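Just so it is clear, the values below take in all heavy atoms, side chains as well, and ignore hydrogens, waters and symmetry mates. It should be emphasised that the depicted structure is a prediction, and the values quoted were computed from it without experimental measurement. Atoms within each ligand, like the ligands themselves, are counted from 1 in listed order.
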Amino acid sequence: MIIAIDGPAASGKGTLARRVAAAMNYAYLDTGLLYRATGAKVLALGGDPDDVDMAVMAAEKLQPEDLENDDLRREDVGNAASRVAAIPKVRAVLLDFQRHLAKNPPGGKHGAVLDGRDIGTVVCPEAPIKFFLTASVAERANRRFKQLQEKNPAVIYERVLNELEERDARDSARDVAPLKMADNAIHIDTDRLNADAVFNAVMAHIRTHMGEDD
Ligand code: DC
């Protein structure tokens, strides 16, 4: 069983996907981490995330421990991730890993939850359950701003908003696997829903689907 959760930056898909995976006892893969780790590797080498050769090399050399770096959550790394993610060869390198995990969840689990931008459209188009989360850019910037402010009180709202708009534009406009809702995905607009309400709605859909399959 594969559950795909896609959506733009800061739409709450990570928190949701982790909770769904725990509730179902499924494996969880945050696919954004693969792009973040690739972008972080390029930055650590003093490179430019738009440099195709360097980004491809960084993706090919990724090791599991690269995904455990706390710095991956930084905004500059998110930006670098969005840049390397626009390079088709980088996406091709990371695709096999994602598909393999989806089809062979580690730890003997019976399913996997993957979150990202193109899970329902490209990585696992066959996934029987797909969700697409959205929220207005103002609401997403607000949520991200509050998160960042806990660590750094000097963070500026307008900057957070501008960076999100930039990433939305890049992630949606790229030629390969752009952010796009799969035709058969369930769309959830989270603007007026808190994390618990989104989780409950998603779990209700999953239970209905599993019941129908029985
Ligand atoms: O979900 P996130 O913010 O951690 O993702 C970081 C960047 O990685 C995002 O701006 C675009 C890219 N990404 C992608 O292109 N495809 C995915 N499946 C996941 C992330």
Expected list for residues 87-96: side-chain donor-acceptor pairs under 3.5 angstrom, two or more places apart:
| from | atom 1 | to | atom 2 | distance (Å) |
| --- | --- | --- | --- | --- |
| Arg91 | NH1 | Ala85 | O | 2.8 |
| Arg91 | NH2 | Tyr35 | OH | 3.3 |
| Arg91 | NH2 | Asp118 | OD2 | 2.9 |

Specify the protein heavy atom at minimum distance from atom 19 (C) of ligand 1: its residue, its atom name, and the distance to 0.1 Å. Thr31 OG1, 3.4 Å
A student checking ligand 1 against Ala81 at a 4.0 Å heavy-atom cut-off should list atoms 6 (C), 7 (C), 8 (O)
Short N-O contact, Arg73 and Asp30, less than 4.0 angstrom: yes
Going by side-chain contact (heavy atoms from CB on, under 4.5 Å), Met57 matches just one of Val52, Thr38, Leu45, Asp51. Which one? Leu45
Heteroatom distance test (Tyr35, ligand 1): nitrogen or oxygen, under 3.5 angstrom: no
Between Arg174, Arg83, Arg36, Lys13, flag the one that comes closest to atom 4 (O) of ligand 1 by a heavy atom. Arg36
Under 4.0 Å from a heavy atom of Arg91: give me the atoms of ligand 1 that qualify, with their elements. 14 (C), 15 (O), 16 (N)
For residues 7-27, which side-chain donor-acceptor pairs fall under 3.5 Å, sequence neighbours excluded?
| from | atom 1 | to | atom 2 | distance (Å) |
| --- | --- | --- | --- | --- |
| Ser11 | OG | Pro8 | O | 2.8 |
| Arg19 | NH1 | Asp196 | OD1 | 2.9 |
| Arg19 | NH2 | Asp196 | OD1 | 3.1 |
| Asn25 | OD1 | Lys109 | NZ | 2.9 |

Out of Arg170, Arg144, Arg117, who is nearest to atom 5 (O) of ligand 1 when you count heavy atoms only? Arg117
Among non-hydrogen protein atoms, atom 6 (C) of ligand 1 lies closest to Arg167 NH2, 3.5 Å
Nearest atoms (heavy-atom pairs only) where Gly116 meets Thr31: CA-OG1, 3.3 Å
So is Asp115 polar-close to ligand 1, meaning N/O to N/O under 3.5 Å? no
Among Gly39, Ala85, Gly78, Pro178, which one has a heavy atom closest to atom 12 (C) of ligand 1? Ala85
Quick test of your reading of the structure: of Leu179, Asp171, Val84, whose heavy atom lies closest to atom 10 (O) of ligand 1? Asp171
Is it true that Arg167 and Ser82 share a donor-acceptor pair across their side chains at a distance under 3.5 Å? no
Per the side chain to side chain donor-acceptor pair (under 3.5 Å) rule, which among Glu163, Gln149, Glu75, Glu139 passes with Arg144? Glu75
